[in-house]
Amino acid sequence: MPTVTVDDVAADAYILDVREDDEWAAGHAPDATHLPMMQIPARIDEIPTDRDVVVVCRVGGRSAQVVAYLQQQGLDRTINLDGGMSDWAAAGRPMVSEDGGAPRVA
């Protein structure tokens, strides 16, 4: 499975956050796109195929499942973010929240 560490994610990367709504609201990468894991099959056409897509969840387990599924569907430019948003936050990468609180990994 293709993976990337937080330090190797390009500033202009397409980040696909597959966490649940409450996790997303608590904190996410500023330019990430939110598409909860369970909605992926119904909304797969929304995922770009013309560039690399870094898939992220809290620690990397759900996103690894999503990457495996997407690759089976022919989206071979999907990459799992090793360590997920936990490593993202620990590395001091930018985050924003949707709930008015300080951004955090929930």
Side-chain angles (χ1 to χ4, degrees):
M1 160 142 345
T3 61
V4 64
T5 64
V6 170
D7 293 336
D8 294 328
V9 175
D12 62 345
Y14 185 93
I15 300 174
L16 179 63
D17 192 319
V18 297
R19 296 176 300 150
E20 295 301 318
D21 292 340
D22 61 326
E23 295 173 291
W24 168 263
H28 56 86
D31 295 323
T33 298
H34 185 221
L35 185 54
M37 179 180 183
M38 298 310 290
Q39 295 180 20
I40 296 287
R43 297 175 59 190
I44 195 168
D45 291 341
E46 297 176 32
I47 301 169
T49 58
D50 61 344
R51 62 189 204 158
D52 291 344
V53 175
V54 178
V55 183
V56 61
C57 65
R58 185 180 309 160
V59 295
R62 286 175 284 177
S63 55
Q65 293 175 2
V66 170
V67 168
Y69 172 77
L70 292 174
Q71 291 201 343
Q72 289 173 350
Q73 305 308 310
L75 281 81
D76 57 358
R77 295 185 68 178
T78 52
I79 305 163
N80 187 40
L81 179 61
D82 189 36
M85 285 304 297
S86 292
D87 280 8
W88 183 275
R93 296 291 294 259
M95 291 178 58
V96 295
S97 73
E98 303 293 321
D99 64 8
R104 66 201 179 284
V105 178

Can you tell me how far the [atom1] atom of [X] sits from the [atom2] atom of [Y], to the nearest 0.5 Å?
| X | Y | atom1 | atom2 | value |
| --- | --- | --- | --- | --- |
| Asp21 | Gln39 | CG | CD | 7.0 Å |
| Met85 | His28 | CE | NE2 | 8.5 Å |
| Asp45 | Arg43 | CG | CZ | 11.0 Å |
| Ile44 | Leu75 | CD1 | CG | 5.0 Å |
| Gln72 | Thr78 | CD | OG1 | 10.5 Å |
| Glu46 | Ile40 | CD | CD1 | 9.0 Å |

Should [X] and [Y] count as side-chain neighbours, where that means a heavy-atom distance under 4.5 Å?
| X | Y | answer |
| --- | --- | --- |
| Gln71 | Pro2 | yes |
| Pro41 | Tyr69 | yes |
| Asp31 | Ile15 | no |
| Arg93 | Val9 | yes |
| Asp87 | Thr5 | no |
| Val105 | Met95 | yes |
| Asp52 | Val4 | no |

Do Ser63 and Asn80 get their side chains close enough for a donor-acceptor pair, meaning under 3.5 Å?
->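 Distance-only check passes for Ser63 and Asn80.
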Any sub-3.5 Å donor-acceptor pair from Arg62's side-chain atoms to Met37's backbone N or O?
->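 Looks like no, no N/O pair under 3.5 Å.
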For the side chain of Arg58 and the backbone of Ala106, is there at least one donor-acceptor N/O pair under 3.5 Å apart?
->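 A pair under 3.5 Å: yes.
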For Val53, the option from Ile79, Val66, Leu70, Ile47 that meets side chain to side chain contact (heavy atoms under 4.5 Å, CB included) =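 In the set Ile79, Val66, Leu70, Ile47, the residue that makes a side chain to side chain contact (heavy atoms under 4.5 Å, CB included) with Val53 is Ile47.
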Search all heavy atoms of [X] against all heavy atoms of [Y] and return the closest pair with its distance.
| X | Y | answer |
| --- | --- | --- |
| Val96 | Pro30 | CG2-CA, 3.9 Å |
| Ala29 | Trp88 | CB-CZ2, 3.6 Å |
| Thr33 | Tyr14 | OG1-OH, 3.3 Å |
| Cys57 | Val18 | CB-CG2, 4.1 Å |

Mind checking whether Val67 and Leu16 sit in one hydrophobic cluster, side chains of I, L, V, M, F, W, Y counted as touching below 4.5 Å?
->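 In one cluster with Val67: Leu16, yes.
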Please answer: with hydrophobic residues joined when any side-chain heavy atoms are less than 4.5 Å apart, are Leu81 and Leu35 in the same cluster?
->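 Shared cluster, no.
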